[in-house]
Amino acid sequence: MSQERLFEAQVVSRLQLSPSIVRLVLSGAGLSDFATTNIPDEWIYLIFDRSGDDHGRKKRDRKSRPYTVRQWEPETCRLTLDVVCHDAGPATTWAQTTAIGDAISFTAPFGKYGPADNVDWILLMSDLTGLPAVARIIEQHRCQIPVLANVEIAEDGDRRLVAQTCGDCVAWHKTFDRHAGRSCLVDIMQNMSRPHGCGYVWIAGEATAVAQCRRLCQDNWGIEKNQVTAVGYWIAGQARG
Ligand SMILES: Cc1cc2nc3c(=O)[nH]c(=O)nc-3n(C[C@H](O)[C@H](O)[C@H](O)COP(=O)(O)OP(=O)(O)OC[C@H]3O[C@@H](n4cnc5c(N)ncnc54)[C@H](O)[C@@H]3O)c2cc1C
């Protein structure tokens with residue numbers, strides 16, 4: 001059985017981007033052979049507790065949390081994460097308390113974003129946790145297919161995650177409550193008109209809301225199953241396993 005590749009890094013920068021979001025940059029010699037997938041929603045699993053790794057404990061029993069690779073700079077081996085801080089949880093506590101020089105390990109990246117070449121439009125639906133991926137998807141978007149994003153934020157400062165030059169295609173909704181864990185993604189989608197032609201929809205946010213949005217896309221909008229990428233980013237009332 002092949003060994004899982006884990007990367008060891010240190011925190012080299014920590015910036016409070018908005019009241020909700022902390023930007024952390026990880027770097028170090030351990031990232032010299034980190035390879036991006038180039039899939040713009042790629043994520044890694046941050047690992048917070050590896051104490052059982054050497055004692056036969058299964059990978060799934062580890063305390064790990066998925067975070068989007070907001071940016072990877074191969075020349076300097078710097079990997080940027082934008083972490084939404086809510087009330088409690090190992091990842092939130094880490095983001096709020098970690099300091100420059102602290103060590104952290106994480107897995108190799110995975111990605112799912114994948115519109116077909118012949119779609120007429122691309123729609124991104126996300127709450128604040130998906131904003132780092134939305135920002136990177138928009139920044140990496142090179143073809144002429146129009147992209148529209150609907151993003152739930154908690155406060156105006158959260159818009160800073162998207163470069164000003166890319167902000168035109170984002171409709172902002174100040175409806176996300178990171179303390180109460182409330183998302184209005186389904187209402188936002190229900191109040192939208194389906195764009196004409198065939199499209200690709202990428203959805204990220206609270207798991208139940210994401211599942212409902214996926215059903216809306218397939219059942220009400222008639223989007224092909226393989227042209228909907230829907231990922232539950234967090235689970236209301238439940239820590240990630
Ligand atoms: C592919 C993928 C990429 C992701 N990328 C990012 C990213 O770039 N930035 C980011 O901030 N998050 C991202 N997430 C979401 C993040 O992994 C979850 O929010 C995670 O549960 C946070 O871990 P925690 O240890 O802080 O809280 P947990 O221990 O998982 O949960 C503790 C409590 O907090 C609640 N909770 C968890 N997340 C939230 C939230 N966002 N708002 C309100 N309440 C919450 C839970 O319901 C639970 O009650 C991503 C998830 C996936 C699947």
Side-chain angles (χ1 to χ4, degrees), residues 1-15 17 21-50 52-54 57-84 90-91 94-95 98 100-117 122 124 126 129-143 145 147 149 161-163 166 200 202-204 226-234 240-241:
M1 203 169 68
S2 68
Q3 277 283 91
E4 181 194 23
R5 179 74 174 93
L6 294 182
F7 297 89
E8 315 286 339
Q10 290 79 44
V11 175
V12 295
S13 163
R14 186 183 179 284
L15 179 70
L17 220 56
I21 299 171
V22 175
R23 172 162 288 177
L24 290 149
V25 182
L26 312 180
S27 190
L31 303 194
S32 57
D33 60 344
F34 179 86
T36 172
T37 63
N38 277 322
I39 303 172
D41 67 345
E42 74 179 348
W43 69 89
I44 45 96
Y45 285 87
L46 291 175
I47 298 167
F48 298 106
D49 170 15
R50 292 179 60 187
D53 278 13
D54 299 333
R57 194 169 64 166
K58 296 198 176 76
K59 259 193 279 181
R60 65 168 183 272
D61 295 333
R62 248 189 218 154
K63 213 176 274 175
S64 66
R65 297 288 184 268
Y67 281 88
T68 304
V69 178
R70 176 65 182 83
Q71 191 178 24
W72 165 244
E73 298 162 90
E75 306 80 19
T76 49
C77 288
R78 285 162 63 93
L79 185 141
T80 302
L81 307 173
D82 290 334
V83 178
V84 175
W94 173 74
T98 194
I100 309 287
D102 284 355
I104 181 83
S105 23
F106 56 87
T107 65
F110 312 81
K112 281 199 168 179
Y113 179 81
D117 293 339
I122 294 170
L124 313 174
S126 148
T129 56
L131 182 54
V134 167
R136 187 169 156 191
I137 290 169
I138 294 171
E139 284 165 17
Q140 274 188 223
H141 185 70
R142 292 285 173 266
C143 61
I145 302 169
V147 180
L161 255 76
V162 177
C166 301
Y200 170 79
W202 180 93
I203 313 163
N226 66 1
Q227 287 308 300
V228 181
T229 300
V231 185
Y233 269 30
W234 59 284
R240 284 199 78 91

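Hydrogens, waters and symmetry mates are skipped; everything else that's a heavy atom, side chains included, is used.
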Fill in: Cys77 to Ser27 - nearest heavy-atom pair and separation
O-OG, 2.7 Å

Worksheet entry | Minimum heavy-atom distance between Gly114 and Tyr200, given as atom pair plus value | N-OH, 2.9 Å

Worksheet, complete the sentence: Distance col, row Ile100:CD1 vs Arg14:CZ, nearest 0.5 angstrom, shows 8.5 Å

Worksheet item: Of all residues at least two apart in sequence or in a different chain, which pass the side chain to side chain donor-acceptor pair (under 3.5 Å) check with Trp234?
Response: Asp127

Practice prompt. Measure the OG1-CH2 distance between Thr37 and Trp43 for me, rounded to the nearest 0.5 Å.
Written response: 9.0 Å

Worksheet, complete the sentence: Taken to the nearest 0.5 Å, the spacing of Leu17 CG from Leu15 CG works out to 5.5 Å

Worksheet item: Donor-acceptor pair, Ser13 side chain versus Val25 backbone, under 3.5 Å?
Response: no

Discussion item. To the nearest 0.5 Å, what is the distance between CG on Leu6 and OG1 on Thr107?
Written reply: 7.0 Å

Fill in: Non-neighbouring partners of Asp33 that pass side-chain contact (heavy atoms from CB on, under 4.5 Å), sequence neighbours left out
Arg5, Phe7

Worksheet item: Donor-acceptor pair, Glu42 side chain versus Pro109 backbone, under 3.5 Å?
Response: no

Worksheet entry | For the student: nearest non-hydrogen atoms of Asp102 and Thr98, plus distance | OD2-OG1, 3.1 Å

Worksheet item: Is there a donor-acceptor contact under 3.5 Å from the side chain of Glu8 to the main chain of Gly28?
Response: no

Worksheet item: Roughly how far, to the nearest 0.5 Å, is CG of Leu31 from OG1 of Thr76?
Response: 10.0 Å

Fill in: Main-chain N/O of Ala116 paired with Gln227 side-chain donor or acceptor, under 3.5 Å
yes

Discussion item. Strictly distance-based, threshold 3.5 Å: is any side-chain N or O of Arg240 a donor or acceptor partner for the main-chain N or O of Lys63?
Written reply: no

Discussion item. Pair Ile122, Tyr113 - check side-chain contact (heavy atoms from CB on, under 4.5 Å), show working.
Written reply: CA-CA 11 Å; Ile122 294 170; Tyr113 179 81; 3.6 Å; yes

Fill in: salt bridge (charged side-chain N to carboxylate O under 4.0 Å, His left out) against Arg70, all qualifying residues, sequence neighbours excluded
Asp82, Glu139

Practice prompt. Before giving the answer on side-chain contact (heavy atoms from CB on, under 4.5 Å), spell out for Val12 and Arg78 the whole-Å C-alpha distance, their side-chain angles and the decisive distance to 0.1 Å.
Written response: CA-CA 9 Å; Val12 295; Arg78 285 162 63 93; 3.9 Å; yes

Item to complete: Grab the two heavy atoms, one from Leu26 and one from Val11, that are nearest each other, plus how far apart they are.
Response: CD2-CG2, 3.9 Å

Worksheet item: How would you list, by chain and number, every residue that makes a salt bridge (charged side-chain N to carboxylate O under 4.0 Å, His left out) with Asp41, sequence neighbours excluded?
Response: none

Response to the item:
Across all chains, not counting sequence neighbours, the salt bridge (charged side-chain N to carboxylate O under 4.0 Å, His left out) partners of Arg65 are none

Worksheet item: What is the minimum heavy-atom distance between Ile104 and Ile47, and which atoms define it?
Response: CD1-O, 3.6 Å

Fill in: Closest non-hydrogen atom pair between Phe48 and Ser64, with its separation
CD1-CA, 4.5 Å

Worksheet item: Can you check whether Thr36 reaches Val69 side chain to side chain, under 4.5 Å on heavy atoms?
Response: no

Fill in: side-chain contact (heavy atoms from CB on, under 4.5 Å) against Val231, all qualifying residues, sequence neighbours excluded
Lys112, Thr229, Tyr233

Practice prompt. Drop me the distance from Ile44's CD1 to Leu79's CG, to the nearest 0.5 angstrom.
Written response: 6.0 Å

